2 protein chains.
Amino acid sequence: MNKTIQREAILNELRSVTSHHTADELYAALRPRMPLLSLGTVYRNLEQMSQAGLILKLETAGRQKRFDGNLKPHNHLRCRRCGAVSDVSDVGLDSAVERLGEAAARLGADGFVLELNGLCEKCRLEEDGKK
Amino acid sequence: MNKTIQREAILNELRSVTSHHTADELYAALRPRMPLLSLGTVYRNLEQMSQAGLILKLETAGRQKRFDGNLKPHNHLRCRRCGAVSDVSDVGLDSAVERLGEAAARLGADGFVLELNGLCEKCRLEEDGKK
DNA sequence: TAGATAGTGATAATAATTCTCAAACATTCC
DNA sequence: GGAATGTTTGAGAATTATTATCACTATCTA
């Protein structure tokens with residue numbers, strides 16, 4: 001895998017945000033700096049880097065795939081209102097997930113995909129505001 | 001929601017199989033009996049019935065959505081080789097998932113999506129056969 | 001620095017799903 | 001049972017997300 005300006009830019013962008021971009025969000029974020037960047041290049045590199053284990057591909061509910069530059073084990077919440085995916089950190093959840101991993105391994109599974117559903121911080125505040 | 005022949009047929013088909021059909025698999029399964037059935041009708045009804053809670057929509061990894069006529073809580077394994085989704089029943093897994101549900105509820109989440117990844121029965125045998 | 005390889009941008013192609021709309025059907029009310 | 005009303009259908013067009021193609025350019029290796 002050669003080093004290219006485009007690939008570096010995509011990886012840096014993904015690592016510098018805690019949100020979990022879709023391919024077209026990344027494209028939109030990078031275009032001002034790289035006006036010739038092509039959407040196909042973004043897709044190609046995201047796929048490549050997730051194969052190589054440099055980033056995570058989140059392909060759970062919702063139409064578009066999202067990508068995560070944070071490789072440390074952590075959990076995700078998808079907002080049922082705005083669709084954003086945010087990180088969840090909670091000790092109780094982490095230990096439940098660990099147990100789940102053990103149960104899955106015992107069954108011979110390679111792993112699992114998990115995503116919490118609910119309202120993100122932002123939408124929770126907005127819904128409360130309405131009442 | 002009116003009662004129609006198409007809707008009944010789709011629901012019955014989903015309930016009579018333990019595999020988890022995609023829209024086009026259902027379409028293919030029903031066409032011999034209902035040659036005028038349209039794929040749009042299948043999609044429309046699947047969406048409607050999952051909204052109404054008559055069936056489950058499984059929209060995890062993989063491009064196509066799958067639908068499940070079994071409403072009892074149970075877990076799924078997606079085969080990394082053939083893409084099929086099968087039911088997994090295991091006491092250890094169930095209790096880990098229950099804990100996970102409690103942790104998620106404590107955090108204010110509505111629920112979660114979970115899918116194990118690995119080889120299904122059929123592919124496991126075939127892979128073993130090769131060696 | 002030349003030759004081999006890999007990656008890029010532009011665009012076409014594909015896959016899955018959703019939308020549109022006139023005609024057919026189901027339900028309600030008399 | 002038949003008219004009025006609302007719902008659903010089939011057929012096809014449209015949309016969305018993603019992948020493939022390909023001539024050209026950048027990167028790497030010797």
Side-chain angles (χ1 to χ4, degrees), chain A residues 1-14 19-52 54-68 78 82-85 113 115, chain B residues 1-14 19-52 54-68 78 82-85 113 115:
Chain A
M1 194 159 60
N2 289 350
K3 179 191 244 182
T4 70
I5 294 168
Q6 293 84 345
R7 183 138 52 225
E8 298 266 285
I10 293 168
L11 187 53
N12 286 338
E13 179 67 24
L14 261 187
S19 60
H20 305 77
H21 282 316
T22 57
D24 65 304
E25 284 167 357
L26 273 164
Y27 177 61
L30 294 171
R31 271 211 92 182
R33 273 181 271 156
M34 314 180 71
L36 284 182
L37 181 67
S38 145
L39 183 56
T41 298
V42 175
Y43 273 107
R44 208 182 315 112
N45 280 297
L46 288 172
E47 185 56 36
Q48 228 168 153
M49 291 191 292
S50 76
Q51 291 280 335
L54 290 168
I55 61 173
L56 293 177
K57 175 159 43 162
L58 313 178
E59 43 182 338
T60 42
R63 283 214 229 359
Q64 289 180 83
K65 286 174 193 150
R66 291 181 175 273
F67 297 85
D68 192 342
R78 181 176 304 255
C82 71
V85 173
V113 171
E115 188 178 82
Chain B
M1 194 157 58
N2 289 352
K3 180 192 248 185
T4 70
I5 294 168
Q6 293 83 346
R7 183 136 53 225
E8 299 265 286
I10 292 168
L11 187 53
N12 287 337
E13 179 66 25
L14 262 186
S19 61
H20 305 78
H21 281 317
T22 58
D24 65 303
E25 283 167 358
L26 273 165
Y27 178 61
L30 295 171
R31 274 215 83 187
R33 275 180 272 156
M34 315 179 69
L36 284 181
L37 181 67
S38 144
L39 182 56
T41 297
V42 176
Y43 273 106
R44 209 181 314 114
N45 281 297
L46 288 171
E47 184 56 35
Q48 229 167 151
M49 292 191 291
S50 75
Q51 291 280 333
L54 291 168
I55 60 173
L56 294 177
K57 175 161 41 164
L58 313 178
E59 43 181 339
T60 41
R63 283 218 227 357
Q64 286 180 86
K65 286 172 192 153
R66 290 180 175 272
F67 297 84
D68 191 344
R78 180 174 305 254
C82 71
V85 173
V113 171
E115 189 178 81

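Only a predicted model underlies this, so the values are computations on that prediction, with no experimental measurement involved.
Listed nucleotides dT17(C), dT18(D), dG10(D) differ in distance to Lys65(A); the shortest reach to its side chain belongs to dT18(D). Side-chain proximity of Arg44(A) to dT8(C), dT8(D), dT17(C): nearest is dT8(C). Side-chain atoms of Ser38(A) lie closest to dG9(C) of the nucleotides dG10(D), dG9(C), dT27(C). Side-chain proximity of Gln64(A) to dC28(D), dT18(D), dT8(D): nearest is dT18(D). Taking the side chain of Thr41(B) as heavy atoms from C-beta on, and the options dT27(C), dT18(D), dT9(D), the nearest nucleotide is dT9(D). Ranking dT27(C), dA10(C), dA6(C) by closeness to the Leu36(A) side chain, first place goes to dA10(C). Closest approach to the Tyr43(B) side chain among dT27(D), dT19(D), dT17(C) is made by dT17(C) (side chain taken as heavy atoms from C-beta onward).
Atom pair Glu8(A):CD and dT8(C):P shows a separation of 11 Å (rounding to whole Å applied). Rounded to an integer number of Å, the gap from Phe67(A) CZ to dA17(D) P is 13 Å. One interatomic measurement links the two molecules: CG of Leu39(B) to P of dG12(D), which rounds to 13 Å at whole-angstrom precision.
A salt bridge is absent between Glu59(B) and Arg66(B): the closest approach of a Lys/Arg side-chain nitrogen to an acidic carboxylate oxygen does not fall below 4.0 angstrom. Checked for salt-bridge contact, Glu47(B) and Lys65(B) miss the test: no charged N lies under 4.0 Å from a carboxylate O.
When the side-chain nitrogen and oxygen atoms of Gln48(B) are compared with OP1 and OP2 of dT8(D), one or more of them lie within a distance under 4.0 Å.
Taking the nucleotide of DNA chain C with the nearest heavy atom to each of Lys57(B) and Met1(B), the more 5' of the two is matched to Lys57(B).
Using a 4.0 Å heavy-atom criterion, one finds that Thr4(A) contacts the sugar-phosphate atoms exclusively. Using a 4.0 Å heavy-atom distance criterion, Arg7(A) is classed as a sugar-phosphate-only contact. Contacts of Asn45(B) with the nucleic acid, taken as non-hydrogen atoms under 4.0 Å apart, involve only primed sugar atoms and P, OP1 or OP2. Residue Gln6(A) is classed as a sugar-phosphate contact, given heavy-atom separations below 4.0 Å to backbone atoms only.
A heavy-atom distance below 4.5 Å is found between the side chains of Lys57(A) and Phe67(A).
In this structure, CG on Leu26(A) lies 13.5 Å from CZ on Arg31(A), to the nearest 0.5 angstrom.
No option in Thr41(A), Val42(A), Leu11(A) other than Thr41(A) meets the side-chain contact (heavy atoms from CB on, under 4.5 Å) test with Gln6(A).
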